[in-house]
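Below: one structure, written as structure tokens.
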Amino acid sequence: GSEIEACIANLPKELTTLAELEKASSILGGIMKSKQMPRELADSICQAYRELSEQLSIPNVAVAVRSSGVAEDMPGASFAGQYETYLNVKGEDEVVEAVKLCWASMFTSRGISYRLRHNLGILAGSVAVIVMKMVNARSAGVCFTADVATGDRGKIVVDGNWGVGESVVQGVVTPDHWVVDKERLRILEKVINRKERFHVLKETGTEEREVPLDRQAEPCLQ
């Protein structure tokens, strides 16, 4: 913490150019990535990962190591999508490393720029990291329990694509889109887009591929 604070104190007061942001990102992210996680914390993560594998009877179970900003959505700013998430991670050491990389993603040039543009400090906000069993999804995406465009809490908004949800979150495609009446569970709006790319699981991690032609214009959810 003190090393990062000292580096921030030596940065220009205003980071306005891409070069300045990338330099700050490289320095601050580099500090995080170069450090060893405290042994006690790493041991706790490994123990929890072993217990999850044992509960599921799957040695080195594949997990998603997901990051989320604490108090992610505020009236004037949203930290959604600002931090990294790692999919299909296997093995104790790999999970510990992925958690550390999630923390380091606070200091991407995009994240730093976003906080500064909203008059927040470089160190504003915290990152929560969740480790959960990986789902080999046929289709996936994002579901909001309110209409984010209007704030209408009586609606559910779903955006989806074939494969795991990475392609939707990263904006690789224009996803299929549904608006659902929350009380009656009736579809109010349905837009099926041509989806040419999707993400699938490899042995570890994910891979972007082309959606087969016969599925590109088909709804990913029925």
Side-chain angles (χ1 to χ4, degrees), residues 25-26 29-30 32-69 80-111 127-143 158-176 193-222:
S25 173
S26 177
M32 288 288 292
K33 293 174 184 177
S34 68
K35 301 300 181 182
Q36 291 290 325
M37 185 181 294
R39 189 68 258 167
E40 183 178 355
L41 179 55
D43 288 344
S44 295
I45 292 172
C46 290
Q47 178 62 31
Y49 178 72
R50 285 194 296 270
E51 290 175 358
L52 178 63
S53 296
E54 290 169 3
Q55 289 171 7
L56 298 169
S57 299
I58 303 174
N60 289 328
V61 62
V63 293
V65 183
R66 310 196 64 92
S67 61
S68 178
Q82 293 296 314
Y83 308 129
E84 295 293 344
T85 284
Y86 297 89
L87 303 181
N88 202 23
V89 180
K90 299 177 182 178
E92 294 178 16
D93 292 342
E94 289 74 10
V95 170
V96 169
E97 181 66 15
V99 170
K100 186 173 73 171
L101 291 176
C102 283
W103 290 338
S105 69
M106 272 195 71
F107 300 115
T108 61
S109 56
R110 177 184 61 186
V127 179
V129 181
I130 301 93
V131 179
M132 60 183 71
K133 181 183 180 298
M134 189 70 207
V135 175
N136 187 6
R138 185 204 67 179
S139 305
V142 178
C143 175
V158 179
D159 292 313
N161 186 24
W162 301 110
V164 296
E166 201 168 4
S167 62
V168 177
V169 176
Q170 293 183 1
V172 171
V173 296
T174 301
D176 293 341
N193 292 298
R194 180 168 289 279
K195 305 166 292 296
E196 297 181 349
R197 310 293 296 178
F198 72 143
H199 283 83
V200 298
L201 302 185
K202 302 190 298 180
E203 177 60 29
T204 58
T206 65
E207 178 179 71
E208 184 179 324
R209 295 182 185 172
E210 183 177 358
V211 176
L213 285 173
D214 62 345
R215 296 169 67 193
Q216 289 183 4
E218 289 295 309
C220 66
L221 297 175
Q222 298 287 352

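Hydrogens, waters and symmetry mates are skipped; everything else that's a heavy atom, side chains included, is used.
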Would the distance check show the side chain of Arg138 and the main-chain N or O of Cys220 forming a donor-acceptor pair, the cut-off being under 3.5 Å? yes
Original post:
Backbone N or O of Cys102 within a donor-acceptor pair of the Ser67 side chain at under 3.5 Å?
Top reply: no
Residue pairs passing the salt bridge (Lys or Arg N to Asp or Glu O under 4.0 Å) test with at least one member in residues 32-42, sequence neighbours excluded, are Glu3-Lys35, Arg39-Asp43
Salt bridge (Lys or Arg N to Asp or Glu O under 4.0 Å) pairs touching residues 89-99, sequence neighbours excluded, are Arg50-Glu92, Lys90-Glu203, Glu97-Lys100
Here the side-chain hydrogen bond (donor to acceptor under 3.5 Å, both in side chains) pairs for residues 163-173, sequence neighbours left out, are Asn161-Ser167, Glu166-Gln170, Glu166-Thr206
To the nearest 0.5 Å, atom CG of Leu52 lies from atom NZ of Lys133 at 8.5 Å
d(Tyr86 OH, Thr204 OG1) to nearest 0.5 Å is 13.5 Å
Quiz item: Run the side chain to side chain contact (heavy atoms under 4.5 Å, CB included) check on Leu221 and Asp176 step by step: do they pass?
Solution: CA-CA 8 Å; Leu221 297 175; Asp176 293 341; over 6 Å; no
Any [X] side-chain heavy atom under 4.5 Å of [Y] side chain:
X: Val200; Y: Val164; answer: no
X: Leu87; Y: Val89; answer: no
X: Cys46; Y: Val95; answer: no

[X]: side chain to side chain donor-acceptor pair (under 3.5 Å) partners, not counting sequence neighbours:
X: Asp159; value: His177
X: Gln222; value: none
X: Arg215; value: none
X: Asn193; value: none

Mind checking salt bridge (charged side-chain N to carboxylate O under 4.0 Å, His left out) for [X] and listing every partner two or more places apart, or none if nothing turns up?
X: Glu196; result: none
X: Arg194; result: none
X: Glu208; result: Arg197

Please evaluate residues Val158 and Val142 with respect to the criterion side chain to side chain contact (heavy atoms under 4.5 Å, CB included), reporting the C-alpha separation (whole Å), side-chain torsions for both, the decisive distance (0.1 Å), and the verdict.
CA-CA 6 Å; Val158 179; Val142 178; over 6 Å; no
How far apart are the closest heavy atoms of [X] and [Y], and which atoms are they?
X: Gly160; Y: Pro175; result: O-CB, 3.2 Å
X: Trp162; Y: Phe198; result: O-CB, 3.4 Å
X: Gly29; Y: Ala104; result: O-CB, 4.3 Å
X: Glu218; Y: Asp214; result: CG-O, 3.4 Å

Margin query: One pair to check against side chain to side chain contact (heavy atoms under 4.5 Å, CB included): Gln216 and Glu210. What are the steps and the verdict?
Written below: CA-CA 9 Å; Gln216 289 183 4; Glu210 183 177 358; 3.8 Å; yes
* Would Glu84 and Leu101 satisfy side chain to side chain contact (heavy atoms under 4.5 Å, CB included), going step by step from the backbone distance to the final call? -> CA-CA 8 Å; Glu84 295 293 344; Leu101 291 176; over 6 Å; no
Using a 3.5 Å cut-off and no angle test, enumerate the donor-acceptor pairs between side-chain atoms of residues 53-66 and protein atoms at least two apart in sequence or in another chain.
residue, atom, partner, partner atom, Å
Ser53, OG, Tyr49, O, 3.2
Ser53, OG, Val61, N, 3.3

With a sphere of 6.0 Å drawn around CD of Glu51, does it hold more than 12 non-hydrogen atoms of other residues, nucleotides or ligands? yes
